[in-house]
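Inspection log for the structure reproduced underneath, given as structure tokens.
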Amino acid sequence: MIPLSHVLTLSVILFVIGAAGFVLRRNIITVFMCIELMLNAANLAFIAFSRYLGTLDGQLFVFFVIVVAAAEAAVGLAIIIALYRNRETLNIEDLDSMKL
Amino acid sequence: MEILFYICAAVSVLAALNVVLQRTPVYSALSLILVLCLLAVIYLLLGAEFIAVIQVIVYAGAIMVLFVFVIMLLNAGREVPSERSRLARWLGVPLVIAFLLEVLWAVWNQFPSGTAPAADFDAGPAAIGHLLFRNYVLPFEVTSVLILVAILGAVVLAKKEE
Amino acid sequence: MATLSDTELFLLVTMIKIAVVMFVLMTTVAYLSWLERKVVAHIQSRWGPYLVGPHGLLQPLADGVKFLFKEDIVPLEVDRVVYWLAPFLSFALAFLSIAVIPFGGTFTIQGRTFNFQITDVNVGLLFIFAVTSLGVYSIVLAGWSANSKYSFFGGLRSSAQMISYETAMGLAVVGTLMIAGTLSLRGIVDGQSGTWVIGTFNTYLPRWNIFVQPVGFFVYLTAAVAETNRIPFDLPEGEAEYSNMVTVSCLATLLFFGGWHGPLFGPGWLRMLLPIFWFCLKVFCFLFFYIWMRGTLPRFRYDQLMSFGWKFLLPLGLLNVLATSFVVAWLSA
């Protein structure tokens, strides 16, 4: 059987890669995708704990995270489209003022 | 079984690195889709077959389609490195590695590799449904309202102003 | 004959099953193109392929040879990786979904029972939906990678169409799921054996879901035609995707027409093989229906197609789910 710590290690590595991308990338869509990567790392940890504790609740949490991620992606991408329409850029360094 | 997990884990880490290192957003998105599918396989190995399928249907099949759509619609090309992104690289990468080591240390201390999994349990759609509509009814309803709000918000935001 | 261990037997049988299914699928896909040309030709009072072999029966082979020797044209400035990945992806996904389709009952070798199915997944239906939902990528990537705005628009339209009709298709099958109470395709088919009995009166109607889910079937059939980009919903590309057509036909047979159930008679070996014959016959009827429709119906305009999907099929599917759930709850109470 796969040891719990190995699954959690994978989860941590994926989370850290996502966090690194969040810091390093300048394209707002890529930054957004890195957030999704971090969410998935957390989901993996939930599933692993659910398996090792023998309860379904962890899987339910993943279910909710996926649903919320769908809502988040819809709104987030709509915001990105609106931003691009006004500023004509996707670079987060150029998106630094609160006013249009 | 175990060997499949390690293969999936290795490939998903490589693909995740590719998400971050690629400068062309389409390739990032494709790598992320690969990561999501591999995670679904890992969920299967961990006995969460319903969540695995949901992961592919909703995450890889719907959410990422939105991303790919937007990338193509906005024609997002290669990103150009700037002064400040170099700063982020020299400061950010060591910090992130420190964070990685710290969390790994915590995980390995907290869960020594001998931790045995619980006995097999039913994780089919029926069991999940029972739990969802008995213990988690309120969160379920709240999320459905959230989805509705998100749909409205997305339509309002993306609508062209006249 | 030396007896094989359980694992060896399992591996051997699985390999044979995969080989047979792949062979049958490839041949079906190749000959569907022949059938389509023939049937459409006869509908339009033409002969269709006639030169290669008797009644043009060797035409698919000739086409295959021609494709092999054709020059591969790669337009300038295309994204090479994605350009090659897209068609590969569409084929891989089409073959993947066939793996969970059951096409017959069970058979026994050395006291072990095997299914006429490559693998039985207890979320089989969702698996097929998962695979089809990934099929959008092959189209959107193909449109994008060619680096031409026209193919890009085509890809966007096509994928928007697929996403829209996927929701209707998903809703359409929920009714049958509630009746069967399982997501396993084998379980759904098992629930459709025998005949409908009302009280003590035997109707001699087969116990197929089509008789209790006609609305669901209508929504499924319409959405499936759109999902596979067939006429009258084929405007994005105007090309046929035969293997996806086979998959949705198999699914329609399994969900609404009782899968492999049909009259059984004759000696034991015939009783074992007849279910497969019934299954293939039903799938063939659906495939013929598809082609027939192509010969008959005109094409939709894009806005008509979108409003039909969202404003008619989707509400209809929702109503069907609602009505079915009330009836199921009432019957079980």
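All figures in this text were calculated on a predicted structure; none of them were measured in a lab. Quick note on labels: first sequence line is chain A, next is B, and so on, each numbered from 1.
Here the CG-CG distance, from A/Leu77 to B/Leu157, works out to 11.0 Å after rounding to the nearest 0.5 Å. To the nearest 0.5 Å, atom CD1 of residue A/Ile17 and atom CG of residue B/Leu100 are 8.5 Å apart. Here the straight-line distance linking atom CG of B/Leu131 with atom CD of A/Gln59 works out to 9.5 Å at 0.5 Å rounding. To the nearest 0.5 angstrom, A/Phe64 atom CZ is 4.5 Å from B/Thr143 atom OG1. To the nearest 0.5 Å, atoms CG (A/Leu90) and CD1 (B/Ile71) are separated by 9.5 Å.
Sparse packing is recorded around CZ of A/Phe22, with 12 or fewer heavy atoms of other residues, nucleotides or ligands lying under 6.0 Å away.
Ring geometry for B/Trp108 versus A/His6: interplanar angle of 30 to 60°, hence tilted. Under the 30°/60° scheme for interplanar angles, the aromatic rings of B/Tyr136 and A/Phe61 are found to stand perpendicular.
Side chain to side chain, A/Glu36 and B/Tyr59 meet the donor-acceptor criterion of an N or O pair below 3.5 Å. A donor-acceptor contact under 3.5 angstrom links the side chains of B/Gln55 and A/Asn40, judged on distance only.
With a 4.5 angstrom heavy-atom cutoff, B/Leu46 touches chain A via backbone and side-chain atoms both. Residue A/Leu60 touches chain B through its side chain alone, counting heavy-atom pairs closer than 4.5 Å. Interface remark: B/Ala127 contributes backbone and side-chain atoms alike to the contact with chain A (heavy atom separation under 4.5 Å). Both the backbone and the side chain of B/Ser12 come within contact range of chain A, each with at least one heavy atom under 4.5 Å from a heavy atom of that chain. For chain B, the nearby parts of A/Ile13 are the backbone and the side chain; heavy atoms of each come within less than 4.5 Å. Of the two parts of A/Ser11, neither the backbone nor the side chain holds a non-hydrogen atom closer than 4.5 Å to a non-hydrogen atom of chain B. For chain A, the nearby part of B/Ile42 is the side chain; its heavy atoms alone come within less than 4.5 Å. Interface remark: A/Thr30 contributes side-chain atoms only to the contact with chain B (heavy atom separation under 4.5 Å). Contacts of B/Leu21 with chain A are made by backbone atoms alone, with heavy-atom separations under 4.5 Å and no side-chain atom involved. Heavy atoms closer than 4.5 Å to chain B are found in the side chain of A/Tyr84, but not in its backbone. In this structure, chain B has no heavy atom under 4.5 Å from any part of A/Phe46. Of the two parts of A/Val31, neither the backbone nor the side chain holds a non-hydrogen atom closer than 4.5 Å to a non-hydrogen atom of chain B. Proximity to chain A (any heavy atom under 4.5 Å) is restricted, for B/Tyr6, to the side chain, taken from C-beta onward.
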Margin query: With side-chain contact (heavy atoms from CB on, under 4.5 Å) as the criterion, how do B/Phe67 and A/Met33 come out once you've worked through the C-alpha distance, each side chain's angles and the decisive distance to 0.1 Å?
Written below: CA-CA 8 Å; B/Phe67 275 93; A/Met33 284 195 280; 3.6 Å; yes
Next item on the list: Determine, stepwise, if the pair B/Leu74 / A/Ile80 fulfils side-chain contact (heavy atoms from CB on, under 4.5 Å).
Entry: CA-CA 9 Å; B/Leu74 304 184; A/Ile80 290 177; 4.0 Å; yes
Next item on the list: Start with the C-alpha gap between A/Asn43 and B/Tyr43, add the side-chain angles, then the distance that decides, and say whether side-chain contact (heavy atoms from CB on, under 4.5 Å) holds.
Entry: CA-CA 10 Å; A/Asn43 279 354; B/Tyr43 293 171; 3.2 Å; yes
Notebook entry, point to check: side-chain contact (heavy atoms from CB on, under 4.5 Å) between A/Val67 and B/Val58: does it pass, once the steps are laid out?
Noted result: CA-CA 8 Å; A/Val67 175; B/Val58 179; over 6 Å; no
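For the set B/Ile151, B/Ile128, B/Val155, B/Leu91, the entry with the most heavy-atom pairs within less than 4.5 Å of chain A is B/Ile128. The most heavy-atom pairs under 4.5 Å with chain A, out of B/Val19, B/Leu73, B/Leu132, come from B/Leu132. In terms of heavy-atom pairs under 4.5 Å with chain B, the best-connected choice from A/Ala20, A/Gly58, A/Cys34, A/Ala82 is A/Ala20. With chain B as partner, the option from A/Ile47, A/Ile81, A/Val75 having the largest number of non-hydrogen pairs under 4.5 angstrom is A/Ile47. When B/Val35, B/Leu66, B/Leu45, B/Val156 are compared by the number of non-hydrogen pairs under 4.5 Å with chain A, B/Leu66 comes out ahead. The most heavy-atom pairs under 4.5 Å with chain A, out of B/Pro139, B/Gly47, B/Ala10, come from B/Pro139. Ranked by heavy-atom pairs under 4.5 Å with chain A, the list B/Ile51, B/Val96, B/Ile97 is led by B/Ile51. Note on B/Leu104, B/Val149, B/Asn135, B/Val103: by heavy-atom pairs under 4.5 Å with chain A, the leading option is B/Leu104. The choice from A/Gly18, A/Ala19, A/Ala70, A/Gly76 that makes the most heavy-atom pairs within less than 4.5 Å of chain B is A/Ala70.
Here the closest heavy-atom approach between residue B/Ile147 and residue A/Ala71 is recorded as CD1-CB, 4.3 Å. Closest heavy-atom contact between A/Asn27 and B/Pro25: ND2-CG, 3.3 Å. The two residues B/Ala16 and A/Leu37 make their nearest non-hydrogen contact at CB-CD2, 3.9 Å. Contact between A/Leu10 and B/Val13 at its shortest, heavy atoms only, is CD1-CG2, 3.6 Å.
Inter-residue side-chain proximity for A/Leu24 and B/Val93 is flagged as met; some heavy-atom pair is nearer than 4.5 Å. Using a 4.5 Å heavy-atom cutoff, the side chains of A/Leu4 and B/Val107 are not in contact.
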